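What follows is a single structure, written as structure tokens, with notes after it.
Keep in mind it's a predicted model, so treat the numbers as computed, not measured. Sequence positions, counted from 1, serve as the residue numbers for this chain. Note that ligands are numbered from 1 as they come in the structure, with each ligand's atoms numbered from 1 the same way.
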Amino acid sequence: VKAFQVMIVTNASIAPLYLSSVQEAFSKFQCDVVVIPDGEAYKNQEGLFAIYDGLIENQHHRDTTLVALGGGVVGDITGFAAATYQRGVRFIQAPTTLLAQVDASIGGKTAINHRLGKNMIGSFHQPHAVLMDLTTLSTLPEREFCAGFAEIIKYALLVGGNFLKKVDALLEQGYSSMTLPQQADLIAQCCDIKANFVQEDEKEIGRRALLNLGHTFAHALEVYTNYRRWLHGEAVGIGLYCAALLSYASGSLDKCHLLSVDSLLANAKLPRRIPKEIDLDKLQDLMFSDKKIVNKKLRFVLMRAPGDCYIETEITADSLRYVLMNAVEGEKS
Ligand SMILES: NC(=O)c1ccc[n+]([C@@H]2O[C@H](COP(=O)([O-])OP(=O)(O)OC[C@H]3O[C@@H](n4cnc5c(N)ncnc54)[C@H](O)[C@@H]3O)[C@@H](O)[C@H]2O)c1
């Protein structure tokens, strides 16, 4: 009987690429594997219970360690399985997407989606370690790479200054020509920014909420489309534009900043507008089932300028509606 237990959780696309080398690293341990289907639509109770099944069937005890090998979907669901299996076991994040390396693997938010709401069932459970191999990005399709940039742009808008200039320049240069050292430097800076927010406010009582810039819109769009139309980062692209537009419509943000947010997103090849066929009444209703509601009021992260974001609780349904209408593709804003 081997002394230590490890359960690697990954998905059907990542397993053929990286599973065997991670298994090799744990060859001295009892190392089991759960492979879940690929996609945001599987960050749900079925995927979660597949992980519990694997743990129970293979007799994993409280001193087991789960390893999340994959993007943010695998990371979030594995983290939540670790938070809840036998009231909490260790887990390690091994993120393989840009989005997970710069954002999802850090900070200890774990969750699954509900049919009616994104990340509705979850827990704060910090990973024991985050281990990333940047060479895994070499197999990441361009679409997923772009999606990761949505969260990088979010950080740039939150902190402004030199970091924003750097992201802007990288996007101008075209990120396909980024060198590995440039990538490493960018990812490390993002991890620092996120870690800073989390250290100050782990349970999101205050400042950590700023990291939700664009996300109230994004989550509603993801729920609306049953988590199938966009990658999370793509929905965040539209969400960031909507947040900038709401900031502009509320009189907080200058037009030139609105335009520069739009061009950052465009340079990252991200979607920035709400598709015409989306029913705005339904979308607006979905926004009201968001987790960021306090006293029945939506809390939006707005911008005065890059590097100067704040929480606004007094947005009226009318001004929200105006912004949604103006964020629809084909509208001039
Ligand atoms: N916990 C947090 O703080 C936090 C923060 C941001 C986002 N998230 C969550 O993260 C999720 C999005 O993460 P994501 O963008 O990584 O999506 P994802 O996990 O769905 O990965 C995107 C795609 O890339 C594939 N893939 C992953 N690594 C690969 C590689 N190296 N080579 C080839 N293909 C690879 C995946 O199989 C998938 O098809 C969302 O569920 C979001 O809610 C969580």
- Task: Give the minimum heavy-atom separation between Gln5 and Thr64, together with the two atoms involved.
- Result: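 Scanning both residues, the minimum pair turns out to be O-OG1, 3.4 Å.
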If only atom types and distance count, is the side chain of [X] paired as donor or acceptor with the main-chain N or O of [Y] below 3.5 Å?
X      : Y      : result
Asp168 : Leu164 : no
Thr97  : Gly71  : no
Arg208 : Gly107 : yes
Glu234 : Cys146 : no

Check ligand 1 against [X] and write out every atom of the ligand that is under 4.0 Å from a heavy-atom position of the residue.
X      : result
Thr139 : 30 (C), 31 (N), 32 (N), 33 (C)
Asp38  : 36 (C), 37 (O), 38 (C), 39 (O)
Ser13  : 37 (O)
Glu40  : 11 (C), 40 (C), 41 (O)
Tyr18  : 31 (N)
Pro141 : 33 (C), 34 (N)

Among all protein non-hydrogen atoms, which one is nearest to [atom], and what is the separation to 0.1 Å?
atom                    : answer
atom 9 (C) of ligand 1  : Asp76 OD2, 3.4 Å
atom 29 (C) of ligand 1 : Leu140 CD1, 3.6 Å
atom 10 (O) of ligand 1 : Gly72 CA, 3.3 Å

Does an N or O from [X], backbone or side chain, lie closer than 3.5 Å to an N or O of ligand 1?
X      : result
Glu151 : no
Asn11  : yes
Lys118 : yes

[X] and ligand 1 - part of the residue with a heavy-atom distance under 4.0 Å:
X      : value
Glu144 : side chain
Thr96  : both
Leu17  : side chain
Lys194 : side chain
Leu137 : neither

Among [options], which residue places a heavy atom closest to [atom]?
atom                    : options               : result
atom 7 (C) of ligand 1  : Leu99, Asp103, Thr136 : Leu99
atom 20 (O) of ligand 1 : Val74, Val73, Thr97   : Val73
atom 8 (N) of ligand 1  : Ala68, Ala147, Ala104 : Ala104

- Message: Do His128 and Gln93 pair up side chain to side chain, a donor and an acceptor below 3.5 Å, judged on atom types alone?
- Response: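 Judged by distance alone, the side chains do not pair up.
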- Side-chain H-bond candidate by donor/acceptor type, Ser263 with Ser260, under 3.5 Å: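 No, Ser260 and Ser263 have no side-chain donor paired with an acceptor closer than 3.5 Å.
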- Item | Proximity of Phe217 and Phe300 rings by center, below 6.0 Å |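 Close enough - the centres of the two rings lie under 6.0 Å apart.
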- Is the distance between the ring centroids of Phe163 and Tyr155 less than 6.0 Å?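 No; Tyr155 has its ring centre 6.0 Å or more from that of Phe163.
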- Query: Relative to the ring of Phe145, is the ring of Phe149 parallel (under 30°), tilted (30 to 60°) or perpendicular (over 60°)?
  - Reply: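 Phe149 and Phe145: tilted rings.
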- Same cluster or not: are Val198 and Ile187 linked, directly or through other Ile, Leu, Val, Met, Phe, Trp or Tyr residues, by side-chain heavy atoms under 4.5 angstrom apart?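 Per the 4.5 Å side-chain linkage, Val198 and Ile187 are not co-clustered.
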- Task: Take every heavy atom of Gln93, measure it against each atom of ligand 1, and state whether any distance is under 4.0 Å.
- Result: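 Flag not set, Gln93 not near ligand 1.
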- Message: As a test of the contact definition, would atom 25 (C) of ligand 1 count as having a protein heavy-atom neighbour under 4.0 Å?
- Response: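 Neighbour list for atom 25 (C) of ligand 1 is empty of protein heavy atoms (cut-off 4.0 Å).
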- Tyr322 OH: over 12 foreign heavy atoms closer than 6.0 Å: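 Not buried by this count: 12 neighbours or fewer within 6.0 Å.
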- Would Lys43 count as a cation-pi partner of Tyr227, with NZ or CZ less than 6.0 Å from the six-membered ring centre and within 45° of the ring normal?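 Verdict for Tyr227: no cation-pi partner in Lys43.
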